[in-house]
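A short worksheet on the structure shown next.
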Protein chains: 4
Amino acid sequence: MNVHSFFIVALLYNSAKMKSNLKSNSKRESLVKATIQLVNNNGFHATPMSKIAKMAGVSPGTIYLYFENKQDLVNQVYIEVKRSFTRFAFKDYKESTSVEGDFEKIWKNIAEFKLKEVEEALFLSQCDNTPMIDEPSRKEGLKHLSPLLELWKRGQKEGLIKQVSPYLLYAFSIYPISFLLQQHERFDIKPENINEAYEMAWNSIKI
Amino acid sequence: MNVHSFFIVALLYNSAKMKSNLKSNSKRESLVKATIQLVNNNGFHATPMSKIAKMAGVSPGTIYLYFENKQDLVNQVYIEVKRSFTRFAFKDYKESTSVEGDFEKIWKNIAEFKLKEVEEALFLSQCDNTPMIDEPSRKEGLKHLSPLLELWKRGQKEGLIKQVSPYLLYAFSIYPISFLLQQHERFDIKPENINEAYEMAWNSIKI
Amino acid sequence: MNVHSFFIVALLYNSAKMKSNLKSNSKRESLVKATIQLVNNNGFHATPMSKIAKMAGVSPGTIYLYFENKQDLVNQVYIEVKRSFTRFAFKDYKESTSVEGDFEKIWKNIAEFKLKEVEEALFLSQCDNTPMIDEPSRKEGLKHLSPLLELWKRGQKEGLIKQVSPYLLYAFSIYPISFLLQQHERFDIKPENINEAYEMAWNSIKI
Amino acid sequence: MNVHSFFIVALLYNSAKMKSNLKSNSKRESLVKATIQLVNNNGFHATPMSKIAKMAGVSPGTIYLYFENKQDLVNQVYIEVKRSFTRFAFKDYKESTSVEGDFEKIWKNIAEFKLKEVEEALFLSQCDNTPMIDEPSRKEGLKHLSPLLELWKRGQKEGLIKQVSPYLLYAFSIYPISFLLQQHERFDIKPENINEAYEMAWNSIKI
DNA sequence: GATGAATGAGTTTTCATTCAT
DNA sequence: GATGAATGAAAACTCATTCAT
């Protein structure tokens with residue numbers, strides 16, 4: 001066997017192995033989506049595994065091929081959504097000379113995510129206000145926020161941002177977006193509201 | 001048993017009954033308290049009626065003398081806590097000439113409530129971020145907030161407060177307190193933080 | 001109230017209390033009986049709780065008022081049956097001057113139990129040959145056998161019984177009865193067989 | 001890939017396949033061994049097919065290439081172990097002039113098997129005390145014992161062995177060994193115990 | 001009013017078995 | 001032959017609610 005054909009054989013072998021190891025990725029995805037939707041509508045404990053399975057078009061037993069149990073399912077979904085959220089928030093972020101410019105970019109990303117990916121954002125909001133996620137997963141979800149914290153520190157050094165705890169900065173500039181999201185059925189957010197809201201966020205934290 | 005002693009027995013029986021009648025209000029109260037605590041720790045659907053009864057020192061069947069069913073129980077508790085919350089927020093409120101002075105008073109009342117009545121505040125936070133309360137009770141809980149809305153309108157007329165939706169005003173000046181409350185185990189709020197926070201709240205809504 | 005009527009009232013109160021504390025003893029008994037029968041026929045793990053409930057004429061949920069879980073149920077049944085077995089074995093036992101006489105009495109009691117209470121004896125046999133009972137309950141079941149061990153020690157001191165481990169004495173004089181019991185559908189034991197068997201038991205352990 | 005290298009690949013594929021063919025007997029063996037161990041530790045119904053497969057280093061689906069279903073698997077294992085047991089019991093047996101000598105040889109073979117092949121013997125003991133084996137397989141397992149029954153008949157004719165049912169002879173001379181086996185974790189059997197035990201067995205059946 | 005034993009529908013999870021690859 | 005993902009029926013157990021006392 002020459003090098004070339006060996007390469008092909010190895011390739012075939014690998015592709016076969018990967019396929020079987022991954023099980024069916026689409027099933028896992030359906031399960032994740034179904035979980036988000038149903039938990040949003042009914043809450044974690046009012047969502048039976050059987051319903052999740054049905055909505056995902058899968059047998060109840062199949063869930064347990066991808067997740068250890070119900071708690072593990074919701075933990076994994078939480079971490080995944082949180083990751084996709086922070087990825088979006090910092091998607092094009094590169095430290096520039098303007099702290100305010102950087103903050104505006106990140107803030108508007110976060111707002112865009114919460115307003116476009118309503119389902120995912122609602123899910124996060126429920127997870128974060130409820131004892132349904134266990135502590136380790138909660139911590140895992142938090143650690144992706146560091147770029148924002150760094151930015152704030154920089155702003156404080158430069159005398160642009162208030163010398164207060166990051167908890168306060170977060171509470172008044174980021175957390176309010178969640179409220180608007182929750183009210184999206186009562187209060188329809190238009191583009192001009194985004195700018196109004198951004199102004200309010202920046203006013204609350206700037207010196 | 002002769003007639004005489006029968007009479008006494010009947011008397012005892014009655015006094016026992018009356019005793020329990022007198023107790024009954026305290027039973028309802030114990031049930032409300034137990035519900036708040038248990039829902040805070042485990043979530044609504046992970047809190048069995050039997051546990052609520054046990055913590056309240058009452059038989060499971062007794063719950064149904066005071067509440068129609070589990071949903072009714074949690075709805076009533078929600079409305080009650082919400083009422084006690086708004087009562088506290090506006091406790092000494094009388095419209096004065098200073099919009100900012102009035103706002104500061106209300107804001108600090110709200111903050112005081114959330115930091116002192118942690119259990120009740122956490123309960124409200126979970127109710128408001130979860131599909132556990134039905135729509136009518138939610139609306140019932142909202143309508144007590146009108147004095148604040150009136151104050152904002154006045155501030156807007158006087159050109160002191162931004163011309164934006166009350167949803168935005170609420171999101172950036174009141175809602176952040178909930179976040180600080182939730183983090184109270186991680187972030188210990190001191191008196192100076194209250195003033196920092198109030199400044200941020202006012203900065204975000206003032207013109 | 002005179003002393004007499006007070007007494008009656010106290011009596012009434014007590015009887016009410018006892019009744020409610022004991023739950024329904026007859027339900028527990030039915031459950032125990034159903035467990036023995038079904039485990040005998042199908043084995044422990046092939047016996048669903050639902051079948052036990054049905055045979056006991058009780059709702060599945062009711063089992064959990066009397067037993068913590070399936071393992072606890074079978075443990076409790078085991079201990080109870082074992083106790084009733086040893087009680088029968090030593091029912092009229094009083095140490096006499098004759099070691100052999102004493103042994104014969106006990107041995108025949110055991111044989112009588114195993115041949116009359118076939119269900120219970122079969123159940124014990126399955127428990128003792130299977131990993132279905134947990135270690136603590138197994139030990140609990142064992143400790144009632146001591147009078148027999150004492151008797152053997154006495155017999156050994158008097159030079160009547162072989163100087164071997166009680167495990168051996170048990171294996172050859174008592175354990176064989178279990179085999180006869182198991183074969184009772186194939187081998188019908190008659191009164192003369194009992195005496196034959198007793199002779200064999202005694203011959204194996206006597207010096 | 002050129003023709004040459006394709007040929008090699010095909011060859012490799014085939015050799016892989018043949019390799020697995022050769023293995024197949026060993027797969028069956030692994031399955032049998034895994035079944036014995038797991039059933040000993042957990043009982044039949046508490047042993048999932050998937051665990052048996054895992055311990056045997058085989059896919060769950062593979063079991064069904066060798067056995068029809070779970071019941072068939074355990075039946076076949078039972079018959080095989082029983083056969084290996086009786087083969088050992090009578091391995092060097094040739095009818096001699098001495099009934100007692102013949103019995104001693106067989107008895108000690110049986111004892112040796114039970115004490116050396118603890119796993120297999122425990123498995124048999126569980127099968128024989130549990131409704132896990134179906135009736136046909138049970139009978140199949142029994143029929144290998146005939147040489148011992150013949151020996152007893154001869155002994156009875158020669159006036160050496162009690163004139164009682166073979167069930168009784170078996171119960172008092174052979175069955176006790178199973179008990180000693182079961183207790184092997186509590187009672188450590190030493191060579192001198194073997195002789196003591198044999199004496200007891202013979203005393204119980206001899207005239 | 002108050003109790004708490006009893007219920008049974010509903011929940012999570014397991015596992016023997018199948019079948020496309 | 002061999003695999004292992006997928007199935008779905010059935011298991012253990014929970015819990016809101018009722019009702020006789």
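Labels below follow one simple rule: chain letters A, B, ... track the order of the sequence lines, proteins then strands, and each chain is numbered from 1. Because only heavy atoms are used, hydrogens play no part in the values below, and waters and symmetry mates are left out as well, while side chains stay in.
- Rounded to whole Å, atom P of E:dA6 lies 10 Å from atom CG of C:Asn25.
- Put simply, CD1 on D:Ile63 is 11 Å from P on F:dT3, counting in whole angstrom units.
- Minimum atom distance to the side chain of C:Pro48 is reached by F:dA12, of the listed F:dT3, E:dT18, F:dA12.
- Under a cutoff of 6.0 Å and an axis angle of 45°, D:Lys82 and D:Phe123 do not form a cation-pi pair.
- Residue A:Tyr66 places at least one side-chain N or O under 4.0 Å from the OP1 or OP2 atom of F:dA6.
- Residues C:Lys27 and D:Met49 each lie close to DNA chain E; by heavy-atom proximity, the contact nearer the 5' end of the strand is made by C:Lys27.
- Atom OH in D:Tyr64 sits roughly 13 Å away from atom P in E:dC15 (whole-Å rounding).
- Geometric assessment of D:Lys70 against the ring of D:Phe44 yields a positive cation-pi assignment under the 6.0 Å and 45° thresholds.
- Using a 4.5 Å cut-off on side-chain heavy atoms (C-beta onward), C:Pro48 and C:Lys51 make contact.
- Position along DNA chain E of the nearest nucleotide to C:Pro60 versus A:Gln71 favours C:Pro60 as the more 5'-ward residue.
- Nucleotides of DNA chain F nearest to A:Ser59 and C:Phe44 differ in position, and the one nearer the 5' end is that of A:Ser59.
- Put simply, NE2 on B:His45 is 14 Å from C1' on E:dG10, counting in whole angstrom units.
- Taking only side-chain atoms of C:Ser50, from C-beta outward, the nucleotide of F:dT3, F:dA11, E:dT3 with the closest atom is F:dA11.
- Taking atom CZ on A:Phe67 and atom P on E:dT12, their separation rounds to 15 Å, with Å as the unit.
- Of the nucleotides present, E:dT14 is the one that pairs with F:dA9 by Watson-Crick or G-U wobble criteria, both distances under 3.5 Å.
- Remark: P of E:dG10 and NZ of B:Lys70 are 16 Å apart, rounded to the nearest angstrom.
- A salt bridge links A:Glu80 with A:Arg28: the distance from a Lys NZ or Arg NE/NH1/NH2 to an Asp or Glu carboxylate oxygen falls below 4.0 Å.
- Look at E:dT21: its Watson-Crick or wobble partner, with both distances under 3.5 angstrom, is F:dA2.
- Checking E:dT7 for Watson-Crick or G-U wobble geometry (two distances, each under 3.5 Å) identifies F:dA16 as its partner.
- Atom CD in C:Glu68 sits about 10 Å away from atom P in F:dC13, given to the nearest Å.
- Taking 4.0 angstrom as the limit, B:Thr62 places a side-chain polar atom (N or O) nearer than this to OP1 or OP2 of E:dT3.
- Along DNA chain F, the nucleotide closest to D:Val58 and the one closest to A:Gly61 are compared, and the more 5′ of them pairs with D:Val58.
- In this structure, CG of D:Leu65 is placed 15 Å from P of E:dA20, rounded to the nearest angstrom.
- Within a 6.0 Å sphere centred on CD of A:Glu68, other residues, nucleotides and ligands contribute 12 heavy atoms or fewer.
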